[in-house]
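Okay, structure first, notes after.
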Amino acid sequence: SQQGEEDPQALSIQEGENATMNCSYKTSINNLQWYRQNSGRGLVHLILIRSNEREKHSGRLRVTLDTSKKSSSLLITASRAADTASYFCAYMNSGYSTLTFGKGTMLLVSP
Amino acid sequence: DGGITQSPKYLFRKEGQNVTLSCEQNLNHDAMYWYRQDPGQGLRLIYYSQIVNDFQKGDIAEGYSVSREKKESFPLTVTSAQKNPTAFYLCASRREGLAGGGTYNEQFFGPGTRLTVL
């Protein structure tokens, strides 16, 4: 399977600013998910958006999905230093039961 | 890290040795997964199992083996045939079901095992 691509690879912002990460993929998908990973730890599921959805919110997170462009974006509003982590998109191909992960975006939020 | 445990947290292996990484879950999930993470590479799927006594190769299964004798356990063996085993290994299980007119199937991850070959 081909990995998704996240953009940018790294992002450095100040507390209070918004952070936007993008993800592109190459196949038809069933759903797309975003995960967070603190350094040296396991991944934590943040949000799932189905292929028939265009936008989803969860707290300070907003995810959009454009299946015509095969892309998704994750917006973190009013960022905090505790948001510093790597963020991965992962998509489930239609008809499969596995996730394909992107290479991730490293987010650094400075106080 | 949910109800998934991995042990040990750090593992050192000499070249030519087989080692087994443990993964246990108490979430009553049917599906379990093993991933390898290298710097800048994201996660790559090694093996997965959708039900007890059944498992499938992922994208990078060569040099690895698994078993699924119990629902709660999915151990991964890194064999001497794996040429570059130094990496961070992550185990996950999948929650699957129906809600709000659709399905949900996010994965829950363990804390990982960092394997270093000396």
Side-chain angles (χ1 to χ4, degrees), chain A residues 1-10 21 23-27 29-54 56-58 61 63 65 85-106, chain B residues 1-6 9-10 23 25 27 29-51 54-61 87-114:
Chain A
S1 61
Q2 294 181 326
Q3 285 187 296
E5 294 289 333
E6 274 108 334
D7 163 52
Q9 288 187 318
M21 290 159 263
C23 169
S24 61
Y25 57 92
K26 298 180 181 179
T27 66
I29 64 171
N30 180 294
N31 64 71
L32 187 141
Q33 305 175 32
W34 285 90
Y35 289 81
R36 166 194 168 128
Q37 182 182 35
N38 287 74
S39 181
R41 304 288 297 276
L43 278 70
V44 175
H45 181 264
L46 295 176
I47 195 165
L48 179 153
I49 186 165
R50 302 187 189 104
S51 59
N52 62 352
E53 296 177 315
R54 292 297 167 257
K56 203 162 185 180
H57 296 254
S58 177
L61 305 180
V63 169
L65 179 65
S86 291
Y87 292 82
F88 294 88
C89 71
Y91 56 89
M92 178 168 285
N93 295 354
S94 299
Y96 289 85
S97 59
T98 61
L99 287 174
T100 300
F101 283 82
K103 295 184 178 181
T105 293
M106 292 180 59
Chain B
D1 296 335
I4 300 180
T5 58
Q6 290 184 245
K9 186 172 183 178
Y10 298 98
C23 177
Q25 55 103 355
L27 300 169
H29 292 167
D30 285 315
M32 297 185 73
Y33 304 80
W34 273 106
Y35 296 92
R36 170 182 171 137
Q37 186 176 30
D38 295 281
Q41 291 280 338
L43 275 68
R44 291 183 290 169
L45 182 65
I46 305 173
Y47 267 99
Y48 65 103
S49 168
Q50 296 194 73
I51 199 166
D54 182 65
F55 48 83
Q56 310 292 331
K57 292 182 179 180
D59 301 317
I60 55 166
F88 189 48
Y89 290 87
L90 287 160
C91 178
S93 67
R94 188 179 83 207
R95 181 176 83 133
E96 190 173 12
L98 296 172
T103 59
Y104 56 82
N105 48 24
E106 64 265 36
Q107 294 189 9
F108 292 79
F109 284 81
T113 292
R114 189 166 297 280

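Order of the sequence lines fixes the chain letters, A, B, ..., with proteins taken first and strands second; residue numbering starts at 1 for each chain. Hydrogens, waters and symmetry mates play no part in the numbers below; they use all other heavy atoms, side chains included. Remember, it's a predicted structure, so these values are computed and weren't measured experimentally.
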>> Restricting to ring-ring contact (aromatic ring centres under 6.0 Å, His included), what partner residues turn up for B/Tyr35, sequence neighbours left out?
In response: A/Phe101, B/Phe109

>> Using a 4.5 angstrom heavy-atom cutoff, name the option from A/Glu6, A/Gln9, A/Gln37 with the most pairs to chain B.
In response: A/Gln37

>> Quick check: closest heavy atoms across B/Gln37 and A/Phe88, and the distance to 0.1 Å?
In response: NE2-CZ, 3.5 Å

> So, A/Gln33 versus B/Gln107: side-chain donor-acceptor pair below 3.5 Å or not?
Replying inline: no

> With a 4.5 angstrom heavy-atom cut-off, which part of B/Gln56 approaches chain A: side chain, backbone, both or neither?
Replying inline: neither

>> For the CG atom of A/Leu99 and the CG atom of B/Leu43, what is their distance to the nearest 0.5 Å?
In response: 10.0 Å

>> Using the salt bridge (charged side-chain N to carboxylate O under 4.0 Å, His left out) criterion, which residues pair with A/Asp7? Sequence neighbours excluded.
In response: none

